[in-house]
Amino acid sequence: MRKIIELGSIITMLFTATCLNAQTTTQWGSDGFVKIENGMSGLNSNIASGDIFGQDHDRVGDVNGDGITDIVVGSRTADDGGENNGAVHILFMNNDGTVQGNQKISMLEGGFSGILTEGNNFGYGVAGIGDYDNDGIPDIAVAAPLTNDFAVYILHLNADGTVKSHVKNAGIPCLGITAVGDLNNDGKIDLVACDPSSDLDGANIGAIRILFFDANSTVIDSQTKLINPSNGGFGTGLIAGDQFGGREAAMLGDLDGDGTIEMAVGAFRSDGGKGAIWIMSLDSTTLDVVSKLKIAEGLGGFSAALSAATNPNGSDGAQFGHAICNAGDLNGDGIPDLMTGANQQSEGYILYLNADKSVKTYTKITNDEGGFGVTLQPNERFSRSISFAGDLRGDGTRAITYGGGAGGTAGGALYIFFFKPCDFVEEAGFNHWSGGNILFTNWDHPSQTVTGDSLTFEQCTRKALETDAPYMTYNDNDGRCVCMDSTAVLATSVELSTAYSNECYSNFTATSIDEFGPEHQSIVYPNPTTSEFIFKTDHTSFSEGDRLQLFSIVGEELYASPLQSQETTVDVSAFPSGIYLLTMSINGVQRSFTIQKE
């Protein structure tokens with residue numbers, strides 16, 4: 001069977017970076033980026049300057065069967081067949097993040113036989129949904145939200161990216177759409193339709209709808225779950241104009257292990273346009289909101305300053321939370337983290353989460369921060385859309401895609417950011433790095449004061465990665481951070497600082513998460529299975545941290561066991577049919593397998 005779900009993209013979303021010992025912390029640092037726009041990085045298509053290519057995007061899976069996950073991109077104001085009718089593009093990707101080919105889908109191209117109303121904005125929202133028609137080729141959902149003919153389309157694809165058939169689900173308001181996994185265990189990936197303009201509880205107060213589909217790719221109306229102030233248990237906290245729903249939602253799984261599942265939803269016009277994100281805990285059966293937390297300037301542990309100024313397009317504020325995605329665990333604490341942004345400020349944010357839904361700390365992606373070296377324009381609206389592309393390169397790195405480049409001659413752009421795993425190894429005892437050359441510091445030694453911002457550990461490691469510093473000194477008591485070059489030497493700290501070695505310094509070698517080398521082999525069989533499978537390895541030496549984990553497609557851990565023998569049997573007879581992910585770690589090497597339960 002064709003791979004319809006890209007292994008690396010799921011493993012990096014779900015696999016928690018683990019420490020080989022208690023003194024090592026894995027952080028994910030910058031490893032370059034690719035900018036995709038018409039005429040750049042292999043994309044050559046009939047994209048006009050006003051098409052807003054990159055309005056939304058998502059990974060689809062391997063459409064053309066070459067082993068590389070492909071990406072769908074919306075272009076909502078393309079004029080194919082009528083002004084602002086809209087279009088989508090299937091990008092056939094190379095491992096390095098460039099485009100090897102493109103198939104446009106609109107009223108004029110790609111085999112789409114639907115009739116769009118002028119101004120429909122087909123492609124305003126897009127989502128990869130797995131194989132809905134069971135032909136071995138992944139399919140997509142597309143939102144066409146404007147005019148009176150608004151709908152959510154399910155497009156069944158051919159291997160060349162053209163449309164084999166489609167289903168129009170009319171009357172569903174949807175300014176953004178997100179695949180959130182199989183919530184009702186029926187073998188189909190379910191969707192969240194974001195409706196920030198909903199007036200049901202007040203003008204533009206917003207809403208989301210969780211959509212479930214039958215075997216014919218038609219929405220099951222009786223099962224649709226509406227969440228807004230008066231439905232789904234949300235309750236108080238929103239006011240008119242907040243635009244709850246944003247452009248995307250993010251399923252986070254069970255953050256605190258209490259049996260509820262957490263979902264993040266933006267409300268980008270909250271607080272005078274500054275924006276906010278709500279993380280809701282949903283009952284796993286009814287999907288009612290059991291509890292919720294608002295993350296905004298000064299709330300939920302988020303301390304960044306957000307603008308409330310009037311923007312060039314006439315809107316107000318930073319619009320934090322306009323787009324969000326689950327980025328997986330980026331700081332090695334076992335909790336998935338959120339990527340978001342303030343698109344009116346052209347800023348991206350990584351929110352490192354606590355189990356209680358609050359923000360532990362944050363870092364930024366801007367022209368000056370993050371270590372990517374991007375050049376963003378003030379009016380670019382970078383972070384207007386965000387999606388998770390997984391291990392696109394097949395080398396153990398992690399790719400996150402940001403939309404930007406509003407307007408301009410190229411008609412919009414995508415940025416694919418690659419993150420690499422880096423180990424920060426704590427030197428035993430209280431030590432600091434002395435001598436050498438300082439690459440970054442916020443600490444004035446003569447006055448014994450923090451001269452700049454007090455940094456969290458994650459923010460300090462980001463500075464070490466940005467400056468390619470092999471050594472880092474950090475003090476949790478005052479937030480001092482000193483990054484030094486390779487000539488520094490270890491010295492005892494009387495101020496209770498801690499010294500770390502950055503094992504990603506200058507020598508990260510990308511190796512596939514599936515690669516053990518010729519001397520070792522690991523297999524899973526039978527696969528597909530109806531009841532159980534066996535994990536078998538020819539490794540003979542196991543350590544305390546070796547383990548197996550089985551996850552559902554939405555990140556729920558279903559099985560976990562230390563790995564202490566060459567053969568392990570895992571019983572999946574109680575689980576519904578569908579795709580699962582087995583992750584393993586042996587002697588610090590990670591590998592993933594997709595498991596198909598029939």
Side-chain angles (χ1 to χ4, degrees), residues 36-38 43 45-58 60 70-91 102-129 139-157 161-179 191 193-197 211 217 245-248 313 322-323 343 381 384-385 387 401 403-414:
I36 299 172
E37 63 181 15
N38 202 25
L43 178 61
S45 185
N46 56 339
I47 300 173
S49 60
D51 284 0
I52 315 185
F53 172 81
Q55 166 67 37
D56 197 17
H57 41 83
D58 197 13
V60 184
D70 302 311
I71 294 175
V72 57
V73 184
S75 189
R76 68 179 176 92
T77 52
D79 292 333
D80 292 34
E83 186 177 1
N84 295 336
N85 276 7
V88 299
H89 300 260
I90 304 297
L91 304 187
N102 165 67
Q103 176 61 58
K104 188 177 185 181
I105 299 171
S106 71
M107 281 187 64
L108 303 182
E109 297 184 52
F112 178 60
S113 59
I115 304 300
L116 300 172
T117 304
E118 189 166 282
N120 234 173
N121 275 225
F122 178 78
Y124 208 118
V126 296
I129 57 175
D139 304 313
I140 61 173
V142 181
L146 301 185
T147 73
N148 293 326
D149 193 26
F150 52 89
V152 171
Y153 290 84
I154 301 298
L155 305 188
H156 305 127
L157 299 180
T162 59
V163 179
K164 180 175 69 175
S165 63
H166 78 272
V167 176
K168 178 181 180 180
N169 291 280
I172 301 173
C174 182
L175 287 172
I177 195 163
T178 303
L191 298 175
C194 300
D195 184 15
S197 298
L211 308 179
S217 301
R247 298 293 187 253
E248 291 154 349
N313 66 356
H322 186 273
N343 79 90
R381 294 193 63 188
R384 65 191 301 168
S385 53
S387 63
T401 303
T409 57
L414 294 180

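Values below: all heavy atoms of this structure, side chains included; hydrogens, waters and symmetry mates excluded.
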So, [X] side chain and [Y] main chain: donor-acceptor pair closer than 3.5 Å or not?
{"X": "Thr162", "Y": "Gly110", "result": "no"}
{"X": "Asp56", "Y": "Val142", "result": "no"}
{"X": "Asp79", "Y": "Asn84", "result": "yes"}
{"X": "Asp58", "Y": "Gly128", "result": "yes"}
{"X": "Ser45", "Y": "Ile47", "result": "no"}

Aromatic ring pairing Tyr153/His166, orientation class (parallel under 30°, perpendicular over 60°, tilted between):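 Taking His166 first and then Tyr153, their aromatic rings sit tilted (interplane angle of 30° to 60°).
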In terms of side-chain heavy atoms, does [X] have a donor or acceptor partner in [Y] at a distance below 3.5 Å?
{"X": "Asn121", "Y": "Arg76", "value": "yes"}
{"X": "Thr147", "Y": "Asn120", "value": "yes"}
{"X": "Glu109", "Y": "Asn46", "value": "yes"}

Which value, rounded to the nearest 0.5 Å, describes the distance between [X] atom [atom1] and [Y] atom [atom2]?
{"X": "Ile36", "Y": "Leu43", "atom1": "CD1", "atom2": "CG", "value": "7.0 Å"}
{"X": "Thr178", "Y": "Leu211", "atom1": "OG1", "atom2": "CG", "value": "10.5 Å"}
{"X": "Asn343", "Y": "Arg381", "atom1": "CG", "atom2": "CZ", "value": "4.5 Å"}
{"X": "Asp149", "Y": "Lys168", "atom1": "CG", "atom2": "NZ", "value": "3.5 Å"}

Residue Asn313 excluded, over 12 heavy atoms near CG under 6.0 Å: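 Atom CG in Asn313 is packed in, count exceeds 12.
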Criterion side-chain contact (heavy atoms from CB on, under 4.5 Å) against Asp80, the qualifying member of Ile105, Leu108, Leu116: Leu108
Under the side-chain contact (heavy atoms from CB on, under 4.5 Å) criterion, do Ile154 and Asn169 qualify, and how do the steps go? CA-CA 8 Å; Ile154 301 298; Asn169 291 280; 3.9 Å; yes
So, do [X] and [Y] sit near enough that their side-chain heavy atoms are less than 4.5 Å apart?
{"X": "Ile140", "Y": "Leu157", "value": "yes"}
{"X": "Leu414", "Y": "Leu91", "value": "yes"}
{"X": "Gln55", "Y": "Tyr124", "value": "yes"}
{"X": "His89", "Y": "Ser75", "value": "yes"}
{"X": "Phe122", "Y": "Val88", "value": "yes"}
{"X": "Glu248", "Y": "Ser385", "value": "yes"}

Heavy-atom closest contact ([X] atom, [Y] atom, distance):
{"X": "Gly86", "Y": "Ser106", "value": "O-CB, 3.9 Å"}
{"X": "Val73", "Y": "Phe53", "value": "CG1-CE1, 3.4 Å"}
{"X": "Cys194", "Y": "Arg247", "value": "SG-C, 4.0 Å"}
{"X": "Ala78", "Y": "Asp51", "value": "CA-OD1, 3.3 Å"}
{"X": "Glu37", "Y": "Gly412", "value": "CB-O, 3.4 Å"}
{"X": "Leu175", "Y": "Ser197", "value": "CD1-OG, 3.4 Å"}

Does the side-chain contact (heavy atoms from CB on, under 4.5 Å) test come out yes or no for Glu118 and Asn85, once each step is laid out? CA-CA 5 Å; Glu118 189 166 282; Asn85 276 7; 3.9 Å; yes
